[in-house]
Engineer: 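Let me give you the structure first, and then I'll get to my questions.
Basis for what follows: all heavy atoms, side chains included, without hydrogens, waters or symmetry-related copies.
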Amino acid sequence: MRSRSFSSTLLAVCLCLATTISAEAGVNAWTSIGPQLPPYWTIESLTIDPSNPDNLWILTSGGLPNMWRSRDGGVSWELLTVPTLASALAIHQVVVDAHDSHHVLARAAWMFWQSFDGGDTWTSHQIGTEDLFSFDGGFAIAVDSKRIYAGEQQSCPRTSACSGGGLWKSTDGGTTWTLSLKNQTVGQIAVDPFNEDTVYAVVYQKSATKLGAGTLMRSRDGGRTWSALSPLACANPDSACRATDSYLLVEKTSSSTLYFAGPDGLLVSHDQGDSWSLSATGIGLPTPDPSESGFLYANLGEPPTTPPILPGLPLPPPPDTQVYGVVRSTDFGRNWKPLFSSSGGALLIDSRRSFYRISSTGIFRYTLVVPRRHASK
């Protein structure tokens, strides 16, 4: 009798704890943490500090300046109006050094800005040795914190041939630059997290009227020479293929595992891109777990609404068996299981395994906490 009473008390305590956990902001529920934006402003991207998830950066559109910072996990936000950044038409990418939270890089068109105090002060650097033609293009920093890679799009006037474009590389933090992959439009750039000499880039052949199919390239000598790998960014050159899209994912926990969201589905490589296999369809580019190789997450949004059953009309088709919401794979994308519900939007995950969903009007966070199971004796 005493044992049963103790078990009932323990169950009540566990239920109370579970209720308390669920009631906390952002725990087992999507909670808005985004800033209060001015009218007609929208959120474009979120960057999470890899080593300190309390440091968040967002970029907005609709006005200038457009870079916001939070140092307390989204409790408060600051629109950065640092005079040094005033010359930027718009920042379109923020990168935080994985080994130093105070080292932050922000890229605009032909310039980038660098801060060594977490964004309080900034110094400007010109990319390359000429004025770049386009705002778009990849941007990445290597593990040694000194090598910086920046992509440039080709300029294609209708009255003359395309010119310019390529991948710029600096080995001294942005002071001097060398150019490779000349006369091509360079989109996404990714650097091996364990070897700064291994670099990946998605490149395109551009004409005056369209952007051609993208090809994944790899360099194993720091960008001096390149070889083409098998995946294409888009199978049809006439499709809506953009150099600003993200197709490639390099695992932070494995130097050899790559994922590529191609036209046929999610491809995976376990040998740095030498060979590929189809892992999944209908997923897009997933979000990797920050500490577990092969663990992936994706936001598939809400299931489609079922049409009403009306008299005299045939029954609707059976519901799709595909899972929805935030889903997880523990086997490199082959199988997926649902975690919790979600509407659409880009998905990120921080080092504490809190999830972030990006919409045009806000940032939402979800921390999945499950009460521990006590082993019965």
Engineer: Nearest 0.5 Å please: distance from the CE atom of Met111 over to the CD1 atom of Ile127.
Structural biologist: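 The CD1 atom of Ile127 is 8.5 Å from CE of Met111, to the nearest 0.5 Å.
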
Engineer: Between Asn299 and Ser343 (side chain of the first, backbone of the second, donor and acceptor by atom type, cut-off under 3.5 Å), is there such a pair?
Structural biologist: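 Judged by distance alone, yes, a pair lies under 3.5 Å.
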
Engineer: Quick one, Pro193 and Val250 - any side-chain contact, counting heavy atoms below 4.5 Å?
Structural biologist: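 The answer is yes; the side chains approach within 4.5 Å.
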
Engineer: Test Asp197 against Arg147 for side chain to side chain contact (heavy atoms under 4.5 Å, CB included), laying out the working first.
Structural biologist: CA-CA 9 Å; Asp197 284 331; Arg147 299 193 194 192; 2.6 Å; yes

Engineer: For side chain to side chain contact (heavy atoms under 4.5 Å, CB included), just list the numbers for Ser329 and Arg334, CA-CA rounded to whole Å, side-chain angles, deciding distance to a tenth of an Å, and then say yes or no.
Structural biologist: CA-CA 7 Å; Ser329 172; Arg334 289 187 293 273; 5.6 Å; no

Engineer: Can you tell me if Ser70 uses its side chain to pair, donor with acceptor, with the backbone of Ser76 under 3.5 Å?
Structural biologist: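 Side chain of Ser70 to backbone of Ser76, a donor-acceptor pair under 3.5 Å: yes, one is there.
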
Engineer: Does any part of the side chain of Asp289, heavy atoms only, come nearer than 4.5 Å to the side chain of Arg353, both counted from C-beta?
Structural biologist: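 Contact flag for Arg353/Asp289 side chains = yes.
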
Engineer: Do Leu300 and Tyr259 belong together in a cluster built from hydrophobic side chains that touch within less than 4.5 Å?
Structural biologist: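 Yes, because Leu300 and Tyr259 connect within a single hydrophobic cluster, where side-chain heavy atoms sit under 4.5 Å apart.
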
Engineer: Would you find a donor on one side and an acceptor on the other, under 3.5 Å apart, between the side chain of Thr60 and the backbone of Thr42?
Structural biologist: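 No.
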
Engineer: Is there a donor-acceptor contact under 3.5 Å from the side chain of Trp336 to the main chain of Val323?
Structural biologist: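 Not confirmed, Trp336 side chain does not pair with Val323 backbone.
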
Engineer: Do Pro288 and Leu249 have side chains that approach each other closer than 4.5 Å (heavy atoms only, starting at C-beta)?
Structural biologist: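 The answer is yes; the side chains approach within 4.5 Å.
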
Engineer: Quick one: do Ile358 and Trp30 end up in the same hydrophobic cluster if we chain Ile, Leu, Val, Met, Phe, Trp and Tyr together by side-chain heavy atoms under 4.5 Å apart?
Structural biologist: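 Different clusters.
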
Engineer: Give a yes or no on whether Ile48 and Ile349 share a hydrophobic cluster (residues Ile, Leu, Val, Met, Phe, Trp, Tyr; joining criterion: side-chain heavy atoms under 4.5 Å apart).
Structural biologist: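 The answer is no; the residues belong to distinct hydrophobic clusters.
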
Engineer: With salt bridge (charged side-chain N to carboxylate O under 4.0 Å, His left out) as the rule and sequence neighbours excluded, what pairs involving residues 32-60 come up?
Structural biologist: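 Only Asp54-Arg352 qualify under salt bridge (charged side-chain N to carboxylate O under 4.0 Å, His left out).
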
Engineer: Find out whether Leu85 and Pro65 are in side-chain contact, i.e. whether some heavy atom of one side chain is under 4.5 Å from a heavy atom of the other.
Structural biologist: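 A side-chain contact is absent here, since even the closest heavy-atom pair is not under 4.5 Å.
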
Engineer: Would a hydrophobic clustering, with Ile, Leu, Val, Met, Phe, Trp and Tyr connected at side-chain separations under 4.5 Å, put Trp226 with Tyr200?
Structural biologist: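 Looking at the clustering, Tyr200 is in a separate group from Trp226.
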
Engineer: Please report the closest heavy-atom contact between Ala243 and Thr185, naming both atoms and the distance.
Structural biologist: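 That would be CB-CG2, 3.9 Å.
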
Engineer: Mind listing the closest non-hydrogen atom pair of Val94 and Thr47 along with its distance?
Structural biologist: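 Taking Val94 first and Thr47 second, the nearest heavy atoms are O-OG1, 3.2 Å.
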
Engineer: Quick check: closest heavy atoms across Leu248 and Ala190, and the distance to 0.1 Å?
Structural biologist: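 Closest approach of Leu248 to Ala190, heavy atoms only: CD2-CB, 3.9 Å.
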
Engineer: Is the His103 ring parallel, tilted or perpendicular to the Phe116 ring (thresholds 30°, 60°)?
Structural biologist: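 Taking Phe116 first and then His103, their aromatic rings lie parallel (interplane angle under 30°).
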
Engineer: Can you see which heavy atom on Pro338 is nearest to which on Val327, and at what distance?
Structural biologist: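 The pair with the smallest heavy-atom distance is CA-CG1, 3.9 Å.
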
Engineer: Between Leu56 and Leu46, is there a side-chain heavy-atom distance shorter than 4.5 Å?
Structural biologist: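 Side chain of Leu46 against side chain of Leu56, heavy atoms only: contact under 4.5 Å found.
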
Engineer: Do Thr178 and Arg224 have a side chain donor and acceptor closer than 3.5 Å?
Structural biologist: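 No, because no side-chain N or O of Thr178 sits under 3.5 Å from a partner of the opposite role on Arg224.
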
Engineer: Charged N to carboxylate O below 4.0 Å: is that the case for Arg218 and Asp274?
Structural biologist: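 Yes, charged N to carboxylate O under 4.0 Å.
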
Engineer: Taking all atoms of both residues into account, what is the closest heavy-atom pair of Ser275 and Ser269, and its distance?
Structural biologist: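 Closest approach of Ser275 to Ser269: O-OG, 2.8 Å.
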
Engineer: Only one of Phe355, Tyr324, Tyr297 forms a ring-ring contact (aromatic ring centres under 6.0 Å, His included) with Phe340, so which one is it?
Structural biologist: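 Among Phe355, Tyr324, Tyr297, the one meeting ring-ring contact (aromatic ring centres under 6.0 Å, His included) with Phe340 is Phe355.
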
Engineer: Could you give the distance from OG (Ser351) to NZ (Lys252), rounded to the nearest 0.5 Å?
Structural biologist: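 The distance works out to 13.5 Å.
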
Engineer: In the structure I gave you, are the side-chain heavy atoms of Lys337 and Asn335 within less than 4.5 Å of one another anywhere?
Structural biologist: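 No; the side chains remain at least 4.5 Å from each other.
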
Engineer: Ignoring hydrogens and geometry beyond distance, is a side-chain donor-acceptor pair present between Ser101 and Asn52 at under 3.5 Å?
Structural biologist: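 Result is no, nothing qualifies.
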
Engineer: Is the side chain of Glu251 donor-acceptor paired with the backbone N or O of Gly294 at a distance under 3.5 Å, no angle test?
Structural biologist: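 Answer holds: yes.
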
Engineer: For the pair Ser254 and Phe194, evaluate side chain to side chain contact (heavy atoms under 4.5 Å, CB included) and give the outcome as yes or no after the intermediate values.
Structural biologist: CA-CA 8 Å; Ser254 171; Phe194 301 98; 5.6 Å; no

Engineer: Looking only at the side chains, is there a donor atom on one of Gln184 and Gln154 sitting less than 3.5 Å from an acceptor on the other?
Structural biologist: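 Note: Gln184 and Gln154 side chains miss the donor-acceptor criterion.
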
Engineer: Can you measure from CG (Leu179) to NZ (Lys169) and round to the nearest 0.5 angstrom?
Structural biologist: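 Rounded to the nearest 0.5 Å, the CG-NZ separation comes to 12.0 Å.
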
Engineer: Does this structure show an ion pair linking Asp120 with Arg69, if we count only N-O contacts that are shorter than 4.0 Å?
Structural biologist: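 A salt bridge is present here (some side-chain N lies under 4.0 Å from a carboxylate O).
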
Engineer: So, the side chain of Ser32 versus the backbone of Phe364: is there a donor-acceptor pair under 3.5 Å, distance only?
Structural biologist: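 Not confirmed, Ser32 side chain does not pair with Phe364 backbone.
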
Engineer: Same cluster for Leu216 and Val186 if Ile/Leu/Val/Met/Phe/Trp/Tyr side chains link at under 4.5 Å?
Structural biologist: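 In one cluster with Leu216: Val186, no.
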
Engineer: Can any side-chain N or O of His102 pair as donor or acceptor with the backbone N or O of Gly118 at less than 3.5 Å?
Structural biologist: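 A pair under 3.5 Å: no.
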
Engineer: Compare all side-chain heavy atoms of Trp57 with those of Ile91 and state whether any distance is below 4.5 angstrom.
Structural biologist: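 Side chain of Trp57 against side chain of Ile91, heavy atoms only: no contact under 4.5 Å found.
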
Engineer: With side chain to side chain contact (heavy atoms under 4.5 Å, CB included) as the test, would you mind laying out the steps for Leu267 and Leu278 before giving the verdict?
Structural biologist: CA-CA 5 Å; Leu267 306 176; Leu278 181 63; 3.8 Å; yes

Engineer: Is Arg107 reaching over with its side chain to a backbone N or O of Ala140, donor-acceptor style, under 3.5 angstrom?
Structural biologist: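 Looks like no, no N/O pair under 3.5 Å.
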
Engineer: Using 0.5 Å steps for rounding, measure from the CG atom of Asn183 to the OG atom of Ser163.
Structural biologist: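 Output value for this atom pair is 7.5 Å.
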
Engineer: Do Glu196 side-chain atoms and Val191 backbone N/O form a donor-acceptor pair below 3.5 Å?
Structural biologist: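 Absent.
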
Engineer: Before you tell me yes or no, could you show the steps for Arg220 and Ser227 under side chain to side chain donor-acceptor pair (under 3.5 Å), namely the whole-Å CA-CA distance, both residues' side-chain angles and the distance that decides it to 0.1 Å?
Structural biologist: CA-CA 9 Å; Arg220 285 178 165 165; Ser227 58; over 6 Å; no

Engineer: Would you say the side-chain atoms of Trp122 pair up with the backbone N or O of Val104, donor to acceptor, closer than 3.5 Å?
Structural biologist: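 No.
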
Engineer: Are Pro231 and Leu229 close enough that some pair of their side-chain heavy atoms sits under 4.5 Å apart?
Structural biologist: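 Yes, side chains in contact.
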
Engineer: Take the angle between the ring planes of Trp68 and Trp41 and call it parallel below 30°, perpendicular above 60°, tilted in between.
Structural biologist: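 Trp68 and Trp41: perpendicular rings.
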
Engineer: Does any donor atom in the side chain of Gln153 or Tyr204 lie under 3.5 Å from an acceptor atom in the other side chain?
Structural biologist: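 No donor-acceptor contact under 3.5 Å links the two side chains.
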
Engineer: Working to the nearest 0.5 angstrom, can you tell me the gap between Phe112 CZ and Gln114 CD?
Structural biologist: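 It is 4.5 Å, given to the nearest 0.5 Å.
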
Engineer: Looking at Leu232 and Phe260, what are the two nearest heavy atoms and their distance?
Structural biologist: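 Closest approach of Leu232 to Phe260, heavy atoms only: O-CE2, 3.2 Å.
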
Engineer: If I take atom NE2 from residue His125 and atom CH2 from residue Trp177, how far apart are they, to the nearest 0.5 angstrom?
Structural biologist: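 Reported value, rounded in 0.5 Å steps: 9.0 Å.
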
